[in-house]
Peer 1: 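Below are the structure tokens for one structure; questions will follow.
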There are 2 protein chains.
Amino acid sequence: MRKDAQINQQKILDAAANLFKERAVSKVSMKDIAQVAGIGTGTLYRNFPNKSELCMALSLDYIQQFITGEEAQLQNPSSSANKQFEDFLTRWLEFRERRIQLLTEIETGPSVMSTFYHSPLYQQLVNLTMQALKPISDNISKAELKFRADMLISMLKSDSYAYQREQGLTREQIAINISHLMIKRCD
Amino acid sequence: MRKDAQINQQKILDAAANLFKERAVSKVSMKDIAQVAGIGTGTLYRNFPNKSELCMALSLDYIQQFITGEEAQLQNPSSSANKQFEDFLTRWLEFRERRIQLLTEIETGPSVMSTFYHSPLYQQLVNLTMQALKPISDNISKAELKFRADMLISMLKSDSYAYQREQGLTREQIAINISHLMIKRCD
DNA sequence: ATAATAAGCGGAGCATACTCCGTTTGTCAA
DNA sequence: TTGACAAACGGAGTATGCTCCGCTTATTAT
């Protein structure tokens with residue numbers, strides 16, 4: 001990679017980060033970002049094929065950090081499996097609320113499939129979620145565990161979550177309801 | 001409503017339906033529709049504030065029909081609760097696959113909240129789903145039942161479902177996995 | 001029938017995502 | 001150092017969703 005290209009990539013990330021601090025992600029256009037970065041739109045798009053990918057790049061560190069932290073937590077369980085899972089959920093929802101604008105862009109952009117589902121990060125997220133689900137899901141195959149991880153992630157995607165919040169549920173209530181649903185339960 | 005306005009609305013619906021038969025929904029622009037309908041874009045947008053709403057209008061009958069049919073089925077159960085639920089799921093997925101392009105436009109458009117979640121149709125769909133879930137969900141509050149209906153709908157939304165299919169799961173496998181997850185289960 | 005009026009029309013125009021391609025520049029072999 | 005060239009640049013251009021507003025027309029009261 002040429003040196004100037006590397007510098008431009010950083011300029012883009014900086015410009016985007018600054019603009020996203022100033023106003024809502026949805027209110028920042030790609031042209032705005034190029035302008036503030038002091039580059040042409042062509043250069044912007046060569047570095048990041050669309051807004052979602054740019055947001056993904058900006059979220060990478062945060063998400064990696066979250067995953068690393070949670071993996072540590074799950075390694076040495078400090079409470080019951082159920083409590084452990086509920087806490088995991090709560091922290092995941094907390095994390096998401098903090099970065100909701102970037103995540104919404106990623107999850108609702110026209111390129112969800114490639115940007116979100118096909119990213120290595122999604123795989124990591126699924127792996128983490130599987131680890132969190134395993135202790136509360138006896139006797140299910142790996143394939144089914146993966147399926148449930150996918151479903152859990154899907155349930156908490158921005159649109160669905162926003163709707164639940166709008167309906168009046170708090171983060172905690174949502175975490176509890178999800179727990180009830182996912183935890184192996186006998187009447 | 002003025003008579004010419006009513007005629008135009010029909011012209012729009014016809015034009016859209018025809019174009020959507022010719023090529024993919026995503027490959028048809030609002031301008032195309034206006035042109036084929038023989039009206040201005042302003043008129044088009046006065047009738048349908050965005051592409052998602054137009055797709056919703058085109059789906060209304062189909063969905064209504066599905067709901068009505070399922071309500072009948074659920075009224076006189078012909079098999080075990082579990083089987084009943086799995087069959088409901090299968091039919092829902094079948095229905096969705098048949099209309100997937102319209103549904104994708106509705107569920108992934110920028111106006112999901114108003115077009116999808118806040119539509120009376122979503123309420124009906126939730127009610128139906130609650131009816132389907134009730135026999136397999138002992139002892140849960142109405143609020144929690146509604147929550148689970150929301151989650152079920154969310155899990156099967158176009159992005160999430162497309163991903164599962166892409167992963168190699170068949171419609172039947174997905175229905176089974178979902179059933180396992182939703183049906184009250186004891187080890 | 002006619003005039004007044006509100007309901008509706010249409011398309012120019014705007015914003016934004018994204019592409020294309022002629023020009024420039026960093027890199028590296030000689 | 002310099003020449004050659006791939007890599008990268010940048011911005012004009014395109015496509016599309018959507019708005020705005022001056023003009024037209026159906027309706028209705030007289």
Side-chain angles (χ1 to χ4, degrees), chain A residues 1-16 19-20 22-58 101-102 104-116, chain B residues 1-16 19-20 22-58 101-102 104-116:
Chain A
M1 191 184 210
R2 254 163 62 168
K3 210 184 330 189
D4 54 343
Q6 216 164 341
I7 289 168
N8 277 332
Q9 189 161 325
Q10 196 53 54
K11 277 202 266 185
I12 292 169
L13 290 169
D14 292 349
L19 283 168
F20 291 166
E22 265 176 33
R23 56 185 196 274
V25 169
S26 66
K27 295 289 181 197
V28 176
S29 75
M30 291 298 264
K31 212 174 139 195
D32 292 338
I33 296 170
Q35 209 161 336
V36 168
I39 58 163
T41 57
T43 302
L44 173 51
Y45 277 97
R46 196 165 338 88
N47 279 276
F48 302 99
N50 53 58
K51 204 178 173 182
S52 301
E53 287 284 356
L54 176 49
C55 288
M56 183 58 123
L58 283 171
Q101 293 193 18
L102 289 175
T104 299
E105 185 62 43
I106 293 168
E107 291 166 357
T108 65
S111 60
V112 222
M113 272 301 159
S114 52
T115 303
F116 183 59
Chain B
M1 193 186 209
R2 252 163 63 167
K3 208 183 337 185
D4 55 343
Q6 216 164 340
I7 289 168
N8 278 330
Q9 189 161 325
Q10 197 52 54
K11 278 201 265 184
I12 293 169
L13 291 169
D14 292 348
L19 283 169
F20 291 166
E22 265 176 36
R23 56 185 197 273
V25 170
S26 65
K27 295 289 180 196
V28 176
S29 75
M30 292 297 266
K31 213 174 138 195
D32 292 337
I33 296 170
Q35 209 161 333
V36 168
I39 57 163
T41 57
T43 302
L44 173 51
Y45 278 97
R46 195 164 341 87
N47 280 276
F48 303 98
N50 53 57
K51 204 176 172 184
S52 302
E53 288 284 356
L54 175 49
C55 289
M56 184 59 123
L58 283 171
Q101 294 193 17
L102 289 175
T104 299
E105 185 62 43
I106 293 167
E107 290 166 359
T108 66
S111 60
V112 222
M113 272 303 159
S114 51
T115 303
F116 183 59

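The sequence lines fix the lettering, A, B, ..., with proteins before strands; numbering per chain opens at 1.
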Peer 1: Both A:Ile39 and B:Thr43 contact DNA chain D. Which one's nearest nucleotide lies toward the 5' end?
Peer 2: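 Whichever sits nearer the 5' end wins; that is A:Ile39.
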Peer 1: Tell me which of A:Arg46 and A:Lys31 sits closer to the 5' end of DNA chain C, going by the nucleotide each one is nearest to.
Peer 2: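 Closest to the 5' end, via its nearest nucleotide, is A:Lys31.
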Peer 1: Nearest to the side chain of A:Ser29, which nucleotide is it out of C:dG10, C:dG26, C:dT16?
Peer 2: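 That would be C:dT16.
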Peer 1: Could you check if a side-chain atom of A:Asn47 sits within less than 4.5 angstrom of a side-chain atom of A:Thr43, using non-hydrogen atoms only?
Peer 2: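 Side chain of A:Asn47 against side chain of A:Thr43, heavy atoms only: contact under 4.5 Å found.
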Peer 1: Counting just side-chain N and O atoms, does B:Lys3 come under 4.0 Å of either OP1 or OP2 of D:dA26?
Peer 2: no
Peer 1: Which of these nucleotides, C:dC18, D:dC9, D:dG17, is closest to any side-chain atom of B:Tyr45?
Peer 2: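 Minimum distance to the B:Tyr45 side chain belongs to D:dG17.
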Peer 1: Between B:Asp4 and B:Ser52, who's closer to the 5' end of DNA chain D by nearest nucleotide?
Peer 2: B:Ser52
Peer 1: Measure from the side-chain heavy atoms of A:Met30 and tell me the nearest of D:dC18, C:dA17, C:dG26.
Peer 2: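 Closest nucleotide to the A:Met30 side chain: C:dA17.
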Peer 1: Would you say the side chain of B:Phe20 lies within less than 4.5 Å of the side chain of B:Gln101, judging by non-hydrogen atoms?
Peer 2: no
Peer 1: Go through the N and O atoms of the side chain of A:Arg2 and the base of D:dA8, and report whether any donor-acceptor pair is under 3.5 Å.
Peer 2: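 Per atom types, no contact qualifies.
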Peer 1: What does A:Thr41 touch in the nucleic acid at a heavy-atom separation under 4.0 angstrom: a base, only the sugar-phosphate, or nothing?
Peer 2: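 It contacts base atoms.
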Peer 1: Name the residue from B:Lys27, B:Lys51, B:Arg23 that meets the salt bridge (Lys or Arg N to Asp or Glu O under 4.0 Å) definition with B:Asp32.
Peer 2: B:Arg23
Peer 1: Any side-chain N or O of B:Asn8 below 4.0 angstrom from OP1/OP2 of C:dG8?
Peer 2: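 The answer is no; no side-chain N or O of B:Asn8 sits under 4.0 Å from OP1 or OP2.
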Peer 1: State which of C:dA17, D:dA8, C:dG8 makes the closest approach to the side chain of B:Ala5.
Peer 2: C:dG8
Peer 1: Do B:Thr115 and B:Ser111 pair up side chain to side chain, a donor and an acceptor below 3.5 Å, judged on atom types alone?
Peer 2: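 Side chains of B:Thr115 and B:Ser111: pair found under 3.5 Å.
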Peer 1: Would you kindly give the CG-to-P distance between A:Asn50 and C:dT16, to the nearest whole Å?
Peer 2: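 Computing the A:Asn50:CG to C:dT16:P distance gives 17 Å.
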